[in-house]
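Data first, discussion second: the structure below is written as C-alpha cells.
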Amino acid sequence: MATVKEGLYYSESHEYVKVEGNIGYIGITDYAQHALGNVVYVDLPDVDDEVTAGEEFGAVESVKAASDIISPVSGTILEVNEALDDEPELLNKDPWENWIIKVELSDKGELDSLMDAKAYEAFCENA
Amino acid sequence: MKQTCLYDKHVALGALMSPFAGFDMPIQYTNITDEHQAVRTACGVFDVSHMGEVTVRGVDAERYVQHIFTNDVKDAPKGKIFYGMMCYEDGGTVDDLLVYKMGDGDFFLVINAANIDKDWAWMQEQAKGFNIDLQNRSNDYGQLAVQGPEAEQVVEQVLGLACKELEFYTVKTIGDVIVSRTGYTGEDGFEIYAGPNYINECWDKLIQSGRCKPCGLGCRDTLRFEVGLPLYGDELSQDISPIMAGLGIFVKLDKEEFVGKEALLKQKTEGVAKKLVGIELQDKAIPRHGYSVLNADGETVGEVTTGYHTISSDKSVCMALVDSSYAKLGTPLQVQIRKKVFAGEVVKKRFYDKHYKK
C-alpha cells in the first residue's frame, strides 16, 4: 500500500512539495512510483531553469513508458538531485527522501490550490 | 472489450491489466524486469490467446498460401513452420504471420490479434477462385507461450507433453492440442494451441509448479525487441514493407507468384527510400516510438519505431525507420527526446543474441 506523508503539499498528477521557508523540494509520491514500476531513467532539468505550476519540467521513465513530471509550484531551480542520474531506482526505494528538484518558490500562494496529506490520500483511494 | 479464456486467472494473480488489440490483457504480474529475466534465465509463460488462427484446407490450400504469403511453403514436409508476411500489391505489409503445415492441403496460420478483422477480410477476398475451406478459428483457440532455457523440461515434466524431439520451427499435434517449437522472445520455447478448458488446465499446472513465472505483454515486448524481432504496427505496417524492415530473407522473390511480388522485387533491385536500422545512444535517455531521428545537421531523417533501455544489456537503443542514406552501420544519428537531442550511431538491429535450440 502506498504511503502518504504528513505536512507536504500534493498535486493531482502525483507530485509533492515539501516546503521549508521559501524553498520547495519537489518529488513524485509513493503512489506514483508504485504505478510507474521500476524507474530506469529520470530526465532532469538544469539548475537556474524556471518552473511553472502546472507545467512539466522533466520526465520519469519506467521500462515501458515515459511520464512527465509536472511542477506543482512556480519558481527557480536551486538544485537538482544528481544522484538520480546514476541511480534512478532511488525513486522506487524512497520517493520521499529522494526529491527531484529544489526550488525557490516565487508564489507561496500557489500552495493553497494543492492538497494536504489527508485530501491526497482520499484522492488516491478514488483514483 | 474482449477477454481471453484466462482473464479471471490474471485478475486473481493481481496482474496489471490494459487494453491491447481489443483485449483486456495482462501487462505485468510483478514487474517487467523480473519477468524478462525469468524468460532469459529460466522459464516464463505468456497468455497469448488473443492471437488469431486461420485454417486453410482443400485441394488448392498450398496454392492459396503461396499466393498470399511471401515465404515459400511449396512441397514442405508435414510439421514444418514458416515465418513471413502477407503484403498488399504495393508491397506494404498486411500482417506478419506463422504458417504451420499440418498436412497435405492443410495449413494453420497464426496472425496478429490487432489485425484479425483486417486480415480475415483480405484473406477472404484473396480466396476467390481457389478451391479451399478457409476458416477464422480465432475464437476457438487459446494459446500459451512457454519460453526460456528450461521450457523444454517444463513442458515435458509439468504438462506431460512430449516435445523434446520437436525441432525449431516445427509443429506436432497431440490429440486436439497443437504444440510448436516457436516463440517471440529469442529464447527456446513452445507455443501451445488448444480450446479454453485445456489452456486453463495447462496454465494452472504451470503456475502451481512454481517452475514457470507468469509473464505479461510488457516483457513480451522488451524480449522481442532486444533480439530484433519486428512488431506489426511498429516495424511493419501498410507503409513499411518487409524489404524496408530488413526482412528480405522471408520474401522469396524467386517464387512463381504472390501478392506484392512485383513491388517487392522492384524495392529489392532498385532500393528503398527508407530502411529500418538500430540506433544506440551514448546517453541513458530512452528513445520511444514516434520520436524524431535527426542527422548530424539536426535535420529530421526518420522516426523511432520501438525503443527501450534494454534489460539484458543496459543500453538505450531503438529501432528506427530512416532515410536509406543514413542506414549504414556507424552512421552518426541523433534522437530528439522531449526538449533535448541525444547523439548515437547506427548499429545492428539485434541488441541481444538469440538462444534458439537448433
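Convention: sequence-line order gives letters A, B, ...; per-chain numbering from 1. Atoms considered below: every heavy atom in the structure, side chains included; atoms not considered: hydrogens, waters and symmetry mates. Being a predicted model, the structure only gives us computed values, none of them experimental.
Ring geometry for A:Tyr16 versus A:Trp96: interplanar angle of 30 to 60°, hence tilted. Using bins of under 30°, 30° to 60° and over 60° for the plane-to-plane angle, the ring pair A:Tyr120/A:Tyr10 lands in the parallel bin.
A cation-pi arrangement is absent between A:Lys102 and A:Tyr25 under the rule of less than 6.0 angstrom and at most 45 degrees off the ring axis.
With respect to chain B, the highest number of heavy-atom pairs below 4.5 Å among A:Ser62, A:Gly37, A:Ala65, A:Gly58 belongs to A:Ala65. Most heavy-atom pairs under 4.5 Å with chain B: of the set A:Val40, A:Val42, A:Asn38, this distinction falls to A:Asn38.
Checking B:Phe225, B:Tyr352, B:Phe351 one by one against B:Tyr308, the ring pair (Phe, Tyr, Trp, His ring centres under 6.0 Å) holds for a single residue, B:Phe225.
Taking 4.5 Å as the limit, every side-chain heavy atom of B:Lys354 sits out of range of all side-chain heavy atoms of B:Glu187.
When the shell of 6.0 Å around NZ of B:Lys315 is examined, it contains 12 or fewer heavy atoms from other residues, nucleotides or ligands.
Heavy atoms of B:Asp314 lying under 4.5 Å from chain A are absent altogether. Within the 4.5 angstrom heavy-atom criterion, no atom of A:Leu36 approaches chain B.
Contacts from residues 9-34 of chain B to chain A, taken as heavy-atom pairs separated by less than 4.5 Å, involve B:Asn31, B:Ile32, B:Thr33 in sequence order.
Between B:Phe46 and B:Tyr184, the gap from one ring centroid to the other reaches at least 6.0 Å.
Comment: A:Asp43 engages B:Lys340 in a salt bridge, judged by a side-chain N to carboxylate O separation of less than 4.0 angstrom.
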